[in-house]
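Below is one structure, written out as C-alpha cells; the observations come after it.
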Amino acid sequence: MARRAALLLLFLLAGPLLLAAPALAADGTIVFTTLGRSRYAFDIFALPIVPLSSSSSSRAAEVRLSDGASVNYNGNFAPSSDSLLFVSERNGSLNLYISPVAPSASDPGSRREALEEAPPPSPLLPWDPIALKDRPSLTPDGEHLVYVSTAEPTDAPRRSWAAVYSTHLPSGSTHRLTPRGVADFSPAVSPSGEWTAAASPGPDGWGGEVEDLHTDIYVFRTSDGSRRTRLILEGGWPTWADESTLFFHRRDNDGWYGVYRAKVSFTDDGGVSAASVERITPPGFHAFTPAASPGSPGLVAVATRRPGSDYRHIEVIDVSTGGANAYFEVTRPVAPRVHHFNPFISPDGARVGYHRCRGSGNGDSPLLLENIKSPSPDTFSLFRIDGSYPSFSHDGKKIAFVGLPGLFVVNSDGSGGRRQIFSGNAFPTAWDWKRKGVIYTSIGPDFASERTEVDIVAVRLSDEGEDSNISIKKLTLDGHNNAFPSPSPDGKWVVFRSGRSGHKNLYIMDAEDGEAGGIQRLTEGPWSDTMCNWSPDGEWIAFASDRHNPGGGSFAIYMIHPNGTGLRRVVHSADGGRTNHPWFSPDSKSLVFTSDYAAVSAEPISNPHHYQPYGEIFTVNIDGSGIRRLTHNSFEDGTPSWTPYYLKPEDVGETLKASGTCAFEDCHWLNIVDDKADGIMCGRHR
C-alpha cells in the first residue's frame, strides 16, 4: 500500500499524463437524459364541451385526435374547426403538424373511424433549422402560422431564444414578430387575426425562475409585430374570448394560480390598454392555462389542481353564471388518475381539447435510446436515454445508467433488456478504461450535504452475465459525500469529489485499492468542486464549480491538470448561471455539458415537473470557444456523456420491454399544503 501511495504522489508531481494510445476522432455518440420525458407518451384528445351525466357517457365521448405516434402535445384547432395543429417530436425533432379531424357533430364511433382512416399528419414547417417549435395558431384566413421557435440565438448567455414567428404557409416566407433581445412565450392570435398576445419577461429577460416566470402580457400586430404594448403586469398564457376580452393566468401572493379576465381597449390612434382586470377564479385551488373561444361565449376552459387531488384536470367555467355552479368537470369523470394538460376550445365552441398520456395499454414502452436530430450528423449522433448518468463501455457494446434508484446495464443495441446491477440509489456511472466490466459509481443520496454518507464503489460484472458473480468493492473510507468518480485512461487512478473537509473538493485515489492504495487532494477551498471527468488523453480533468461565487448557486465549468496545475475556467453562463456535468469528447478537444445558457423556452407550468426546466445540452471547445446548442425543448436535459462508438441515428428499443409509461409527476410546486397552524389550505410548495 505504501508503494502505491508513493507512486501516486510521484504521478501528481510529474505533470500531465502522456499516453501512447492512438488518437481518437471527435465523433461518435452523445447520450443524455431528459427528466421524465421518455415516459410521456402524450396524445391529444377532445371531449364535448357540455356537462355529462355519467362517467360512462364521458368515456364514450372522448376522442383521440392525434395518431399515437411519438409524443404529441400543445394542440390547437384551425379556424375552421376541421383540422388540428399540434407539436410532435417524431423523426427526432420538434415540429408543428396539421391533421384533419372529423366534424364535432359526428358520433364518437364515426369520429374514431375517421381518425383510423385519416392520412398521417403533415408537417407545417421545414425541418431546418433544428429548433423548438411550439404553441401553433393559424390566422382566420388559414395562411399565416403563428408560433414560438428557438431558431435564432441571442447575443448573450442566459437569455431565452424563444420568440414568436409568423410563417406565410403558401410561400414559406417567415418573419420574427418578437423584438431582438426579447423573449416571448405562449402566443395567442385574436379572433380577427389582427392582434397577437404573448407572455414576456420584457427587456430585463429571464431572472432564473423555475416556477412562475413573472412575465407580463404584451400585445402586438400579427402582421409585423408593430405597436407592441405591455398590456398587463404579471400574467401568462393569454387567450382571446373576443376581440376585446383576454383571459390569462397569474400566480398571486397567496400562492394560488388564478385565472383573470381583462377588457382590452383600442384607440383610434393605435393605442392599446387594459380597461379593467378582474380575477374570475377564487383562491383555494390552482387554475391555470386558460382557453377561450368566440364560439363559446362566456365559457373558459382551465387546468386545475384542487385539494384532495394529485392530478391536474380540465374544467370549464361559465363566467356569465359565477359561483360554485359555474364549474363543471371535463376530464376527471373520464380518467381521474391521469394528468391533463393545456386545454384549447374549438372555434365552433363544440369541444375542448387537451393532451394526456395515452397509457401503457396502447402498446407503448419507453425507448431505450431515442434518436434526436444532430446538428452535425456526419460528426456525431445524438440520443436521449431512458435513464440518468449514462456511460458506454469502451468497446461500445454496453451502456450503464441509473434509475435513481437502481444501477442498470444494457446492451447498446437494446438486446436482452436492461439488467439491474444494484437496487439502491447510485450515481453516476463511469467504466474503467483497462479492466473489462468494471463500473465506478457512488452509493447514497444524491443532492446531499457534505457530511452525508455517500461512498464510491467499483462494480465488477461477470463475463457470463450472471448476477450471482457481480462483486461490489467499496473504495472510499470516509463516507462524507464521496461521489462522481471518473477513472484515468491508464486505469490507475480515479478522480472524485468529497465533502470530507467540510467543502466539496476534488481528490485522486488508486483505482483498484481506493483510498487504501493512496489518496491525494487535487483542489482545496471553501466552495463546491464536483461532477468531474478525466479526459481520454489524460491531460485534463474537467469539473463544475461555484468557486467564482461560493454558495451562490451558480456553477461554471473549469479544467485542471491532474497534477493540480493549469486551472482555468472554460464556460460560464453569466452571473447566477448554471453550467454542469462536463464530459470530454473522444479526442479531448471539446466538452459536452448541460446549462441554462439559453434560459427557458416555455412557461414551466405548461409541462410536467422539471426541477430545472432550463437545462439544454451544449458543446464547447476546451479553450472556451465555439459554444453550440444541441437540444431545443422546454424540458430538463442533463447528464450527457460522449463515446467514440457511433450509433446509427435510429431509435433503439429493448427486446424486453421496460415498464413505466405515464410514470411522471406534475409540478411539485403545485402541491397543496394543509397549514395546520392556520387551519387553511394554501398553494405553497412542499
Look up atom OG in Ser423 and atom CZ in Phe408, then write down how far apart they are to the nearest 0.5 Å. 9.0 Å

Are the side chain of Ser200 and the backbone N or O of Ala183 linked by a donor-acceptor pair below 3.5 Å? yes

Tested for salt bridge (charged side-chain N to carboxylate O under 4.0 Å, His left out) against Glu89, the lone hit among Lys133, Lys373, Arg37 is Arg37

Note: Pro187 and Thr196 closest approach over all heavy atoms is CB-CG2, 4.1 Å

Using side-chain heavy atoms (C-beta onward) and a distance below 4.5 Å, is Ile130 in contact with His632? yes

N/O donor-acceptor pair under 3.5 Å between Thr215 side chain and Pro201 backbone: no

Decide side chain to side chain contact (heavy atoms under 4.5 Å, CB included) for Phe288 and Val302; before the verdict, give the C-alpha distance in whole Å, the side-chain angles of both, and the deciding distance to 0.1 Å. CA-CA 6 Å; Phe288 46 91; Val302 299; over 6 Å; no

Sub-3.5 Å donor-acceptor pair from the side chain of Asn371 to the main-chain atoms of Phe383, do we have one? no

Does any part of the side chain of Pro100, heavy atoms only, come nearer than 4.5 Å to the side chain of Asp82, both counted from C-beta? no

Minimum heavy-atom distance Ile385-Thr33, with the two atoms named: O-OG1, 4.0 Å

Answer whether the closest heavy-atom distance between the side chains of Tyr147 and Asp134 falls below 4.5 Å. no

Can a donor-acceptor pair be found between the side chains of Thr34 and Arg384 at a distance below 3.5 Å? yes

Residue pairs, two or more places apart or on separate chains, that pass salt bridge (charged side-chain N to carboxylate O under 4.0 Å, His left out) and touch residues 604-617: Glu616-Arg629

From the list Leu145, Val148, Leu85, side-chain contact (heavy atoms from CB on, under 4.5 Å) partner of Leu96 resolves to Leu145

Is any side-chain heavy atom of Val264 less than 4.5 Å from a side-chain heavy atom of Val219? no

Within 45° of the ring axis of Tyr97 and under 6.0 Å from its six-membered ring centre, is that where the NZ or CZ of Arg90 lies? yes

Can you find a heavy atom in the side chain of Leu404 that is under 4.5 Å from one in the side chain of Asp446? yes

Side-chain donor-acceptor pairs of residues 43-50 under 3.5 Å, sequence neighbours excluded:
| from | atom 1 | to | atom 2 | distance (Å) |
| --- | --- | --- | --- | --- |
| Asp43 | OD1 | Ser66 | OG | 2.4 |
| Asp43 | OD1 | Gly68 | N | 3.2 |
| Asp43 | OD1 | Asn72 | ND2 | 2.8 |
| Asp43 | OD2 | Gly68 | N | 3.2 |
| Asp43 | OD2 | Arg358 | NH1 | 3.1 |

Report the C-alpha distance between Phe86 and His355 in whole Å, list the side-chain angles of each, state the deciding distance to 0.1 Å, and finish with yes or no for ring-ring contact (aromatic ring centres under 6.0 Å, His included). CA-CA 10 Å; Phe86 63 100; His355 64 265; over 10 Å; no

Say you draw a straight line from CZ of Arg135 to CG of Asp184; how long is it, rounded to the nearest 0.5 Å? 12.5 Å

Parallel under 30°, tilted from 30 to 60°, perpendicular over 60°: which one fits the rings of Phe77 and Phe344? tilted

Donor-acceptor under 3.5 Å (Thr245 side chain, Asp242 main chain): no

Would a distance-only check, ignoring hydrogens and angles, find a side-chain to backbone donor-acceptor pair under 3.5 Å from Trp161 to Ser601? no

I'd like to know if the side chain of Thr594 reaches the main chain of Asn580, judged simply by a donor and an acceptor atom lying under 3.5 Å from each other, with no hydrogens or angles considered. no

Donor-acceptor check, side chain of Arg39 to backbone of Cys662, threshold 3.5 angstrom: yes or no? no

What is the minimum heavy-atom distance between Ser595 and Tyr597, and which atoms define it? OG-N, 3.0 Å

Interatomic distance, Asn633 atom CG to Ile617 atom CD1 [nearest 0.5 angstrom]: 9.0 Å

Under the 3.5 angstrom rule, does the side chain of Ser70 hit a backbone N or O of Ser88 as a donor-acceptor pair? no

Pair Trp237 and Phe185, ring centroids less than 6.0 Å apart: no

Do Leu299 and Val319 touch side chain to side chain, with heavy atoms closer than 4.5 Å? no

With side chains defined as the heavy atoms from C-beta onward, is the minimum distance between Leu213 and Pro604 less than 4.5 Å? yes

Can Thr304 and His313 be counted as having a side-chain donor-acceptor contact under 3.5 angstrom? no

How close do Ser137 and Asn76 get, heavy atom to heavy atom, and via which atoms? OG-ND2, 3.2 Å

For a quick test of reading the model, state the closest non-hydrogen atom pair linking Pro366 to Asp386 and the distance between them. CB-OD2, 3.6 Å

Nearest-0.5 Å distance, CG of residue Leu231 to CG of residue Leu246: 6.5 Å

Arg312/Asp666 under salt bridge (charged side-chain N to carboxylate O under 4.0 Å, His left out): CA gap, chis, key distance, verdict: CA-CA 8 Å; Arg312 69 167 74 183; Asp666 198 11; 2.8 Å; yes

Any idea how His610 and Tyr40 line up, ring-wise: parallel (<30°), tilted (30 to 60°), or perpendicular (>60°)? perpendicular

For the pair Arg251 and Glu211, evaluate salt bridge (charged side-chain N to carboxylate O under 4.0 Å, His left out) and give the outcome as yes or no after the intermediate values. CA-CA 10 Å; Arg251 194 177 191 182; Glu211 297 179 6; 2.8 Å; yes

In terms of ring plane angle, is the pair Phe341 and Phe664 parallel, tilted or perpendicular, where the classes change at 30° and 60°? tilted

Quick check: do Thr331 and Tyr354 have side-chain heavy atoms less than 4.5 Å from each other? yes

Please round to the nearest 0.5 Å and tell me the distance separating atom SG of Cys667 and atom NE2 of His286. 10.0 Å

Do His340 and Tyr311 make the cut of ring centroids closer than 6.0 angstrom? no

Check the side chains of Asn95 and Ser93 for a donor-acceptor pair under 3.5 angstrom, ignoring hydrogens and angles. no

Grab the two heavy atoms, one from Asp348 and one from Ser346, that are nearest each other, plus how far apart they are. OD1-OG, 2.5 Å

Carboxylate-amine/guanidinium proximity below 4.0 Å for Arg578 and Asp596: no

Do the ring centers of His581 and Phe32 come within less than 6.0 Å of each other? no

Phe285 six-ring centre to Arg306 NZ/CZ under 6.0 Å and within 45° of normal: yes

Quick one: does any side-chain atom of Thr281 pair with a main-chain N or O of Val259 as donor and acceptor, under 3.5 Å? yes

d(Ile605 CD1, Ser186 OG) to nearest 0.5 Å is 10.5 Å

Checking the side chain of Glu636 only, and the main-chain atoms of Gln612 only, is there a donor and an acceptor separated by less than 3.5 Å? yes

Working for side chain to side chain contact (heavy atoms under 4.5 Å, CB included), residues Val316 and Tyr327: CA-CA 6 Å; Val316 170; Tyr327 296 79; over 6 Å; no

Go through Glu603 and His249 one step at a time and tell me if the side chain to side chain donor-acceptor pair (under 3.5 Å) criterion holds. CA-CA 11 Å; Glu603 294 189 54; His249 66 213; 2.9 Å; yes

Salt bridge check, Arg261 against Glu278: does any charged N sit closer than 4.0 Å to a carboxylate O? yes

